[in-house]
2 protein chains.
Amino acid sequence: MADQHHLELLWGDDVPRGRGRPARTTRDEVVAAGMARADAEGLHDLSMRQVAADLGVGVMSLYTQVESRDGLVVLMIDRAFAEVTDTLARRDGEPWRDAAARQARTLWDLYGRHPWILDHGHRMPMAPHVLALEDAFYTPFLDIGLSPAGSANAAIALRSLVTGLARDSRSEQDQVRRTGVGYAEYWSTLNAVFWDRYFDEERYPAMTRLWYAGGFAAEDILAGEGILERAVAAYLDGIAARAHPGRTGQGTGEA
Amino acid sequence: MADQHHLELLWGDDVPRGRGRPARTTRDEVVAAGMARADAEGLHDLSMRQVAADLGVGVMSLYTQVESRDGLVVLMIDRAFAEVTDTLARRDGEPWRDAAARQARTLWDLYGRHPWILDHGHRMPMAPHVLALEDAFYTPFLDIGLSPAGSANAAIALRSLVTGLARDSRSEQDQVRRTGVGYAEYWSTLNAVFWDRYFDEERYPAMTRLWYAGGFAAEDILAGEGILERAVAAYLDGIAARAHPGRTGQGTGEA
DNA sequence: GATCCTTTCAGGACAGTGTATGGAAAGCCC
DNA sequence: GGGCTTTCCATACACTGTCCTGAAAGGATC
């Protein structure tokens, strides 16, 4: 039950113990250094030796501030989510739909700043600011006529939609950054090789139709942020229909 | 451009070269062994040495069939997606909404059988059967009155919704299996420690309200499969409203 | 001010990992 | 039966996270 110790680090008070040799480094400094590394290199290339070197400190010194590498990542995630805790709060008089859409967008932007969060293999940790985000996501769906379980499901699904979309689009940039190959260059060469040599129009008729119809015209359809707003709007329309049966959603109607 | 070599392994013909010492092992066998390991232990604990040992073969012998560990994983993913290629095809007369929902469910079930797919850090590889799934996902949205880009966006978002939900729910079971701690046991002890000691009802009012309203009554709200069907239905309702403006979606209306 | 005590520091070691190297082995073709 | 071509696999290297250990450093106490 390693999570239990994580919980103490995440939630426990930092009781400053005055006796003994003082630590050369704060836990905040370690976490910040880890985030800087992850922002620049990705989670995969984040090593304890690197973080220690960045801080000018021996490797094992990190383990007085952090229980393990996984524990460090958990703390980093909490710190990242802390960036948006205040922004997420629902504003006075803000319609539930606007609040939900704004929160989705905020989470999307957070993933944009810290793509390594999406590489975290395990479930999101029970960290204070992660829970704060979850709580904020539940808020808009509370008093719109859904059952309690329905509200919970709606919020979870919205969060998963944003996360899934972010993964599909951002991990691409992440990989591009790691390999050092530019986005346009990567796609152009890959496409030249791939479409000309391997793609079979009869095998993939839908993609072929979309291709000739210009459906992929944006070149990097995922990189555009329109897809998030559209998907969230469509989903919230469906929720709205369930929330107030008989009324149609307030969607703008644009495709 | 490591992907380029992956492409050859994925799409190139397996030209059987008759000269030279014959390989003791097929590429299919290697990929199958890797999948068995990953199904049982997860992607994180999949090592080349283990796969080689399972096959009774030297470690480096794998590298004649597979370019690298990442290449092996890519082939494994393609093989996993091949399981559903036939199932995904749209059936005669099947309404687009039913087809999309069925495909979403099929992908969800695939993630259930092979949760390690969700641990793949990079973008989904351009593999034949991965493309087949993407193509199938595009199909239902083609002739329902959306713009080409709108159809593409709708299909991508649906796929991301399923993937995101699967990650949020399945990675949990994955971690539970790895740590060997049972699902119920894990949650009960964690919850006992967490809720009693750390959770602050004033800090997380929405979760608190949902808790007392029974919104989390299912105990493992994510493990239930209802959340997928509900989320997909809501999203497709929103798409339907955009596809045929003026008509309301065919949602069942249940919360 | 010296001593004890508690805590952190950091070097070395260990069990892993993916994979480059290079000589030995094994089967087809002439 | 060579010659050629391909595969096999032991070894080695760089790298990882983390345990162990004794030394170092500062506060508390006499």
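Not measured: the values here are computed from a predicted model. So that the names make sense, note that chain A is the first sequence line, chain B the second, and so on, each numbered from 1.
- Within the structure, a side-chain polar atom (N or O) of A/Thr64 is placed less than 4.0 Å from OP1 or OP2 of C/dC9.
- Nucleotide D/dG17 holds its P atom 10 Å from the NE2 atom of A/His44, rounded to whole Å.
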Residues B/Ile156, A/Ile227; criterion side-chain contact (heavy atoms from CB on, under 4.5 Å); working and verdict: CA-CA 9 Å; B/Ile156 293 172; A/Ile227 192 172; 3.7 Å; yes
I'd like a table of donor-acceptor pairs (distance under 3.5 Å, sequence neighbours excluded) in which one partner is a side-chain atom from residues 74-85 of chain B, with atom names and distances.
| unit_1 | atom_1 | unit_2 | atom_2 | d |
| --- | --- | --- | --- | --- |
| B/Asp78 | OD1 | B/His129 | N | 2.9 |
| B/Asp78 | OD1 | B/His129 | ND1 | 3.2 |
| B/Asp78 | OD2 | B/His129 | ND1 | 3.1 |
| B/Glu83 | OE1 | B/Arg113 | NE | 3.1 |
| B/Glu83 | OE1 | B/Arg113 | NH2 | 3.1 |
| B/Glu83 | OE1 | B/His114 | NE2 | 3.2 |
| B/Glu83 | OE2 | B/His114 | NE2 | 2.8 |
| B/Thr85 | OG1 | B/Phe81 | O | 3.3 |

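- Closest non-hydrogen pair, B/Tyr138 versus A/Ala206, comes out as CB-CB, 3.8 Å.
- As a whole-Å value, the separation of A/Glu67 CD from D/dG17 P is 15 Å.
- Using a 4.0 Å heavy-atom distance criterion, B/Leu46 is classed as a sugar-phosphate-only contact.
- Shortest non-hydrogen contact noted between B/Arg102 and B/Ala89 is NH2-O, 3.2 Å.
- Here the P atom of nucleotide C/dT17 and the CE atom of A/Met48 are 20 Å apart, to the nearest Å.
- Put simply, CG on B/Leu62 is 10 Å from P on D/dC9, counting in whole angstrom units.
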Would A/Leu62 and A/Leu55 satisfy side-chain contact (heavy atoms from CB on, under 4.5 Å), going step by step from the backbone distance to the final call? CA-CA 10 Å; A/Leu62 302 179; A/Leu55 289 168; 4.0 Å; yes
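- Here the side chain of B/Arg24 is nearest to one of D/dG17, C/dC9, D/dC9, namely D/dC9.
- As a whole-Å value, the separation of B/Asp45 CG from D/dG17 C1' is 14 Å.
- Straight-line distance from the OH atom of B/Tyr63 to the C1' atom of C/dA20: 10 Å, rounded to whole Å.
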Please lay out, stage by stage, how A/Trp211 and A/Glu201 fare under the test side-chain contact (heavy atoms from CB on, under 4.5 Å). CA-CA 10 Å; A/Trp211 174 262; A/Glu201 298 198 347; 5.8 Å; no
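- Within residues 71-80 of chain A, no residue has any heavy atom closer than 4.0 Å to DNA chain D.
- Here A/Ser47 reaches the OP1 or OP2 of D/dT16: one of its side-chain N or O atoms lies under 4.0 Å away.
- Closest of all the heavy-atom pairs between A/Asp135 and A/Thr139 is O-OG1, 3.0 Å.
- A side-chain contact (heavy atoms from CB on, under 4.5 Å) with B/Trp108 is found for one member of B/Val162, B/Val232, B/Thr163 and no other, namely B/Val162.
- Comparing B/Val59 and A/Ser61, the nucleotide of DNA chain C nearest to each residue sits closer to the 5' end for A/Ser61.
- For B/Gln65 and D/dC9, the CD to C1' distance is 14 Å, given to the nearest whole Å.
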Starting from the C-alpha separation in whole Å, work towards a yes-or-no answer on side-chain contact (heavy atoms from CB on, under 4.5 Å) for B/Phe199 and B/Met207. CA-CA 10 Å; B/Phe199 190 81; B/Met207 296 183 68; 4.2 Å; yes
Could you list, one pair per line, each protein nitrogen or oxygen that sits under 3.5 Å from a nitrogen or oxygen of nucleotides 11-13 of chain C, together with the distance?
none

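- For the pair A/Arg69 CZ and D/dC19 P, the interatomic distance rounds to 15 Å; values are reported in whole Å.
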